[in-house]
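Only one structure is covered here, and it is reproduced in the block below.
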There are 2 protein chains.
Amino acid sequence: MSPPTPRKRRGSGRATIHDVARLAGVGSITVSRYLKKNGYVSAELGARIDAAVAQLNYVPNLVAGGLASSRGKIVGMVIPNISGPIFASTIQSFSDTLNRHGYQVLLASSYFSAEQEENAVRTFLGWSPAALVVTGRFHTKGTEALLAGAGIPVVETWDYHPRRKPIQVGYSNAEVGAQSARYLLDKGYRRIAYVLNSVAGDLSALDRRDGYAAVLRERGIKPWTYTPTELAPFDAGRQALEALTRGRRKADAIVFANDNLAAGALLASQRAGMRVPQQCALMGFGDYAFSPLLLPSLTTIRPPGREIGELAARRILQALGELEPDQRNGRLNLLDCELLARESA
Amino acid sequence: MSPPTPRKRRGSGRATIHDVARLAGVGSITVSRYLKKNGYVSAELGARIDAAVAQLNYVPNLVAGGLASSRGKIVGMVIPNISGPIFASTIQSFSDTLNRHGYQVLLASSYFSAEQEENAVRTFLGWSPAALVVTGRFHTKGTEALLAGAGIPVVETWDYHPRRKPIQVGYSNAEVGAQSARYLLDKGYRRIAYVLNSVAGDLSALDRRDGYAAVLRERGIKPWTYTPTELAPFDAGRQALEALTRGRRKADAIVFANDNLAAGALLASQRAGMRVPQQCALMGFGDYAFSPLLLPSLTTIRPPGREIGELAARRILQALGELEPDQRNGRLNLLDCELLARESA
DNA sequence: TTGTAAGCGTTATCAA
DNA sequence: TTGATAACGCTTACAA
């Protein structure tokens, strides 16, 4: 009857579930039940509750809900970096998919540092998240312990490796390296070098190199790895190109650990008047935004960034019972990378 | 004496502040005070608490803390999209700066839709965030009401406009348009066209066009706007180039609403054998990753994305009392864009 | 400097 | 189908 007059000493000042209940003339637990659509609320009360919610412009307090249920609708994601060309699409699709089911994403960057990752995981745990996502399979002991003890779904993204326990959603870096090597061998190249990057902590490039090396050895060719000393990727790419094409032994094809390095080499080759791919074929990894725009356009391999984010989100929602499990089973979490044959190789 | 045996009926199973207090032999409020370093805890008790925290591997429950203080250490950020070339660096620097002060960032994408923005803001409010960040100054009435009623610091990013009340951190799109026009006029170009993009909802391009048009009118030149019908930006750029250089009236310089459009035009010009900038100068906006790599490299204007994120975070921390206000005052939130004079104009 | 009591706004549990 | 009561784990207010 009387208008709701909260007049709290503390509190946010916003309408609470009790205000709604009072206005609708029902118990607050009924409002709670109705709003999360768990059934068992009559249509009549439902309508009264709807009206009260609208009148008070009620927004449920998710913090209180999370505390009461010890299961907040939050998912933490630790990713090496947000602004690089690589992970943004994963974050985007991950966040969009979870948002659609009422979950929010907390984000933190590790910058390829296992210690920063551990800090982020520790902080996230304080929000009692419903699930956690990390990148790759290399973590500190502390992170492993935190993840194991959290009792929530944990997904490792990007790097798919056999024989690991946690849910993994990603692709095989070794297979990517093998793909590059097979492609170049099939095109007739034989003096194929591999250029690592200089980002400390990006261990996936080593996996790719190993995949490349294995294929070469299978065909009786000795692998050839070059590690630039320049730190800036464009400079490192140029340095690698010079080192691998000016010596006595000349590469006829070069696989770079990523498209930044390859772009550096491509630009250097233009300046030096070198014909690509005739004198030396160049190949990258990542399919960055500029790669199709270079002249010659860069042959590269596209990692399934968007697909990883979406599938990781789906796996989490399934583990939380918010989504039906997929029909077919098997290695569904191992995604393929697409080789984009363009002009440079 | 006896080891802590929680044995709770509900709860997360993790150690609580009470477990720490019991183990350290102090009251739980003392633990709370000590952990947030508000002083008033003796060194001796502090040491005992530290030991207990370490022994139990205690992680404070931020959900409970947020509920009790009705002031969670969370900041919500609504941004048009994460994976585009534009906003990623803002998200990165924003998140990093806040993380450093113990705040976590909740992220949502609006895809330039004011309705989606409102939904995101409504959901964020449920987490009783410490502050909220939105992009631009165009919101629904509902969003305005939610933001005004939230009673927390709100920052509008990217678009700085005179005479708005909320904290704004950004640059002037009108000034960007004016910058482009002045640069081209100073280089001697006179038949300068402006090409809009076709992304519905990106109203900032219109502001840039207005700035360009104002400068041209000042010099007695009639502005010339072209709006492509193609949706894909590269196609739209090509279409604009053709329309503006093939007719009877030929542009000698074209300003594009963004680098994607400009890149489409640049590639089309190469294919058509047109000399850039001699026959027609091309200019973009955004300084995307590929822009310095194009041939000719793209003259463009770099928006201060990283700076916006960091400054927005600083303004929020200052509003929350976590950081000292800056010494100097004035229009400190209006950032400059850098014109990168490269080869295409 | 430390402690006690009372919330914060929701949901789990149990009873009706 | 609905409701009363007691958590959830922390912090504010107040007292000592």
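Sequence lines set the chain letters: A, B, ... in the order given, protein chains first and strands last, and positions in each chain run from 1.
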Please state how far atom [atom1] in [X] lies from atom [atom2] in [N], giving the value in whole angstrom units.
X	N	atom1	atom2	answer
A/Lys36	C/dT10	NZ	P	11 Å
A/Lys73	C/dT10	NZ	P	15 Å
A/Leu67	C/dA12	CG	C1'	12 Å
B/Leu62	D/dC10	CG	P	9 Å
A/Ile17	C/dT10	CD1	P	5 Å
B/Arg71	D/dC10	CZ	C1'	16 Å
B/Tyr34	C/dT2	OH	P	11 Å
B/Ile29	D/dC10	CD1	C1'	8 Å

Any N or O donor-acceptor pair under 3.5 Å from the base of D/dG3 to the side chain of A/Arg33?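 Counting by modelled atom types and ignoring angles, a donor-acceptor contact under 3.5 Å is found here.
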Considering just the side-chain nitrogens and oxygens of [X], establish if one lies under 4.0 Å of OP1 or OP2 belonging to [N].
X	N	value
B/Ser32	D/dT11	yes
A/Thr30	D/dG3	yes
B/Tyr58	D/dC10	yes
B/Ser42	C/dT2	yes

From C/dT10, D/dG9, D/dT11, pick the nucleotide closest to the side chain of B/Ala64?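 Closest nucleotide to the B/Ala64 side chain: D/dG9.
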Short side-chain donor-acceptor distance under 3.5 Å, [Y] and [X]:
X	Y	answer
A/Glu115	A/Asn119	no
B/His161	B/Glu156	no
A/Asn333	A/Arg314	no

What nucleic acid atoms does A/Val26 come within less than 4.0 Å of, heavy atoms only: base, sugar-phosphate, or nothing?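 Sugar-phosphate contact only.
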So what does B/Leu45 hit on the nucleic acid, given a heavy-atom distance under 4.0 Å: a base, only sugar-phosphate, or nothing?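 Here B/Leu45 touches the backbone only, sparing every base.
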Check for a donor-acceptor pair, side chain of A/Thr157 on one end and backbone N or O of A/Val134 on the other, with a separation under 3.5 Å. yes
Got a donor-acceptor contact below 3.5 angstrom from the B/Ser110 side chain to the B/Glu117 backbone?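 The answer is no, because no donor-acceptor pair under 3.5 Å joins these two groups.
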